[in-house]
Protein chains: 2
Amino acid sequence: MDLDLRKLRYFVAVAEHLSFGRAAEALHIAQPVLSRQIRAFEAELKVQLFDRSSKGTSLTPAGTQLLADARPLLAQASALLRRVGVADTFTVGFMPGLIVTPAVRVLTSRHPGLRVEVLRTTWEDQVEVIHDGRVDVGYVRLPVPAAGLSIMPLFSEPRVAVVPATHRLAGKESVLDADLSGERRVQHTDPPGFRSVEEKLEHVAMHGGVAVLPLSTAVFYSRDDLVHVPIEDIAPNEVALAWASHRHTPLIAEFAEIVTEIARQV
Amino acid sequence: MDLDLRKLRYFVAVAEHLSFGRAAEALHIAQPVLSRQIRAFEAELKVQLFDRSSKGTSLTPAGTQLLADARPLLAQASALLRRVGVADTFTVGFMPGLIVTPAVRVLTSRHPGLRVEVLRTTWEDQVEVIHDGRVDVGYVRLPVPAAGLSIMPLFSEPRVAVVPATHRLAGKESVLDADLSGERRVQHTDPPGFRSVEEKLEHVAMHGGVAVLPLSTAVFYSRDDLVHVPIEDIAPNEVALAWASHRHTPLIAEFAEIVTEIARQV
DNA sequence: CCAGGTCCATACCTCCAGGGTATGACAGAC
DNA sequence: GTCTGTCATACCCTGGAGGTATGGACCTGG
């Protein structure tokens with residue numbers, strides 16, 4: 001009568017791996033158990049979710065439909081648990097260009113049983129995901145509204161101007177803010193369709209203009225047809241680790257410690 | 001490790017009844033079982049959800065918080081099940097002023113085990129809730145976008161003009177559309193804050209103007225300081241029962257039959 | 001002050017769902 | 001053919017969710 005979130009999670013695992021064996025391994029259960037659970041799930045829903053063959057497994061249309069529904073539901077359930085202080089997974093948010101892998105790897109190695117996930121954020125939701133519990137901790141770019149957040153500054157990095165390779169500024173060692181006057185600037189306050197970094201860069205490549213991005217972001221999304229030059233006289237972008245200040249879990253503290261440790265080594 | 005939706009549903013039941021005994025009765029389980037389940041749930045979450053005393057039960061702050069999170073999650077889970085064709089509950093949507101009780105009562109009497117719920121809709125979401133599975137079937141006011149819907153017309157009713165009791169049109173037997181020219185009309189295309197019927201009527205009562213509503217809506221929301229007069233020369237409002245045409249469940253068919261039967265008797 | 005009623009909690013039982021292991025059936029690769 | 005990778009079947013064991021019977025705490029009326 002009630003939906004079983006465990007079975008739903010198992011289903012998602014199989015749908016993502018398209019293999020009962022590998023999914024079972026990822027879930028840390030035996031393959032026959034997973035087989036039986038999925039069969040039981042299909043029986044409950046009275047819908048076939050997978051086409052099995054001896055070589056591989058594929059989703060049925062109903063399965064594809066369910067997969068789309070399943071992920072947000074599981075995310076919402078996970079966020080609920082996080083809000084009441086139960087850690088079923090530890091989730092790290094990050095803005096485009098920021099590297100979270102080293103810290104995540106250290107955390108997983110210290111807690112082998114813990115599921116650690118990452119969630120890429122945008123300017124719009126980098127703080128929201130912290131408050132609503134979708135992430136435990138987030139790498140954010142300042143400034144952010146400080147209300148209810150604990151913020152631990154990590155480092156600063158210069159901002160660069162991203163322009164087409166054919167642009168008049170393309171060869172320069174560096175530019176001044178004044179050099180950009182008269183250029184159409186693609187900003188994150190633009191309407192939808194220009195919001196993601198990819199979209200901004202696409203617009204710059206196609207229609208000219210200039211995008212001002214933190215260095216790491218420009219490097220991460222570098223394209224052959226675009227180049228970036230440092231802007232000298234603009235405030236550097238500050239990167240920080242942030243979490244909801246009302247949640248003082250040991251895992252958050254430990255992750256913050258790991259991050260500072262890594263930042264110190266660089 | 002996974003959230004247990006059954007326990008969450010039990011929790012909501014206790015939170016709503018503020019009594020283990022009555023909640024258990026509503027859930028059709030024995031009271032000690034419910035007690036134990038809630039205790040286990042609290043242990044899993046490591047949070048106390050209720051303050052128990054021999055006279056009554058009350059929510060803790062954590063419980064209040066969880067209750068707010070629990071309802072949308074359960075609704076989303078229920079919608080997911082409905083989309084894959086599993087009926088855990090049968091939910092009927094209805095626009096303000098429409099009476100669903102008789103049909104619902106017949107349905108529950110014929111299916112004693114079935115949970116039947118109702119959801120009040122607005123102009124904005126009366127169709128959306130059908131498509132996304134929040135309701136199985138909805139009483140809607142035409143016109144609606146017909147794509148993907150099966151629509152069964154029920155009846156027509158005149159529209160009335162709702163005006164302050166002191167208005168120049170207040171005493172009339174009926175008015176013509178032309179009589180309303182020059183009046184500020186409060187419409188459902190207005191910005192937020194004027195969307196719900198209550199808000200429209202509040203606006204009419206405070207600032208004058210006129211709201212044009214179907215008769216049953218005006219009657220349902222009647223207030224001392226407002227009166228309504230029929231408009232003669234305006235197209236009547238048609239009320240219909242609608243459901244997603246790709247879902248041909250026996251329950252929907254039966255409900256439609258019940259509704260036609262009731263409509264025939266009136 | 002005790003009797004009864006109204007709560008929720010505890011104790012104890014049963015049963016089934018979910019976990020495990022061992023093994024089978026089937027298909028493609030060599 | 002045999003080998004290998006895939007999913008399914010058979011069997012067992014444990015824990016959790018359901019039940020009933022009963023206890024303990026607290027109010028309330030006589």
Side-chain angles (χ1 to χ4, degrees), chain A residues 1-60 62-63 74 77 81 86 88 112-113 115, chain B residues 1-60 62-63 74 77 81 86 88 112-113 115:
Chain A
M1 193 152 185
D2 284 293
L3 180 64
D4 185 341
L5 290 189
R6 178 194 292 117
K7 291 202 179 93
L8 192 65
R9 183 163 57 84
Y10 287 180
F11 161 75
V12 171
V14 175
E16 284 177 346
H17 289 87
L18 289 178
S19 156
F20 282 72
R22 283 193 298 280
E25 194 178 358
L27 293 170
H28 303 108
I29 60 172
Q31 168 266 316
V33 175
L34 184 55
S35 255
R36 199 195 324 140
Q37 292 294 333
I38 298 293
R39 282 209 168 288
F41 197 36
E42 288 177 322
E44 285 170 24
L45 301 181
K46 299 183 189 66
V47 168
Q48 187 173 349
L49 299 171
F50 294 103
D51 286 321
R52 294 111 159 130
S53 78
S54 53
K55 194 64 183 175
T57 298
S58 64
L59 278 167
T60 63
L74 290 173
L81 286 177
V86 179
D88 68 330
R115 293 208 300 261
Chain B
M1 194 151 185
D2 284 293
L3 179 64
D4 185 341
L5 290 189
R6 179 195 290 114
K7 292 202 179 92
L8 193 65
R9 183 164 56 84
Y10 287 0
F11 160 74
V12 171
V14 176
E16 284 176 346
H17 290 87
L18 290 178
S19 154
F20 282 72
R22 284 194 298 279
E25 192 180 358
L27 293 169
H28 303 110
I29 60 174
Q31 168 265 315
V33 174
L34 184 56
S35 254
R36 200 192 325 138
Q37 293 292 334
I38 297 294
R39 282 212 167 284
F41 198 36
E42 289 177 321
E44 285 170 24
L45 301 182
K46 299 183 189 65
V47 168
Q48 188 174 349
L49 299 172
F50 294 104
D51 285 321
R52 292 111 158 132
S53 75
S54 51
K55 194 66 184 176
T57 299
S58 64
L59 278 167
T60 63
L74 289 173
L81 286 177
V86 178
D88 67 331
R115 292 208 299 261

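Only heavy atoms go into these numbers, but all of them, side chains included; no hydrogens, no water, no symmetry mates. All chains are named by letter (A, B, ...) in the order of the sequence lines, taking the proteins before the strands, and each is independently numbered beginning at 1.
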Atom [atom1] of [X] to atom [atom2] of [N]: distance rounded to whole Å?
X	N	atom1	atom2	value
A:Ile29	C:dG20	CD1	P	6 Å
A:Leu34	D:dT6	CG	C1'	13 Å
A:His17	D:dC7	NE2	C1'	16 Å
A:Asp51	D:dT6	CG	P	18 Å
A:His28	C:dT21	NE2	P	14 Å
A:Arg52	C:dA27	CZ	C1'	17 Å
B:Arg6	D:dA17	CZ	P	6 Å
A:Phe20	C:dC26	CZ	C1'	15 Å

Look at all strands and tell whether [X] reaches a base, only sugar-phosphate, or nothing, counting heavy atoms closer than 4.0 Å.
X	answer
B:Asp4	sugar-phosphate
B:Arg36	base
A:Phe50	nothing

Where does the angle between the aromatic ring planes of B:Phe11 and B:Phe50 fall among parallel (under 30°), tilted (30 to 60°) and perpendicular (over 60°)?
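Aromatic pair B:Phe11/B:Phe50 classed tilted.
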Can you check whether [X] has a side-chain N or O nearer than 4.0 Å to OP1 or OP2 of [N]?
X	N	value
A:Gln37	C:dG19	yes
B:Arg39	C:dT10	yes
B:Lys7	D:dG16	no
B:Thr57	C:dC8	yes
B:Ser35	C:dC8	no

Hey, which sits more toward the 5' end of DNA chain C by its nearest nucleotide, B:Arg22 or B:Pro32?
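Final value for this comparison: B:Arg22.
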Applying side-chain contact (heavy atoms from CB on, under 4.5 Å), run through A:Val14 and A:Phe41 and close with a yes or a no.
CA-CA 12 Å; A:Val14 175; A:Phe41 197 36; over 6 Å; no
Decide yes or no for B:Arg6 and A:Asp4: does some side-chain heavy atom of the first lie under 4.5 Å from some side-chain heavy atom of the second?
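B:Arg6 does not reach A:Asp4 side chain to side chain.
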Does A:Gln31 reach the side chain of A:Glu25, with side-chain heavy atoms less than 4.5 Å apart?
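No; the side chains remain at least 4.5 Å from each other.
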Is it the case that the side chain of B:Thr57 and the backbone of B:Arg52 share a donor-acceptor pair, with hydrogens and angles ignored and the cut-off at 3.5 Å?
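Judged by distance alone, no pair lies under 3.5 Å.
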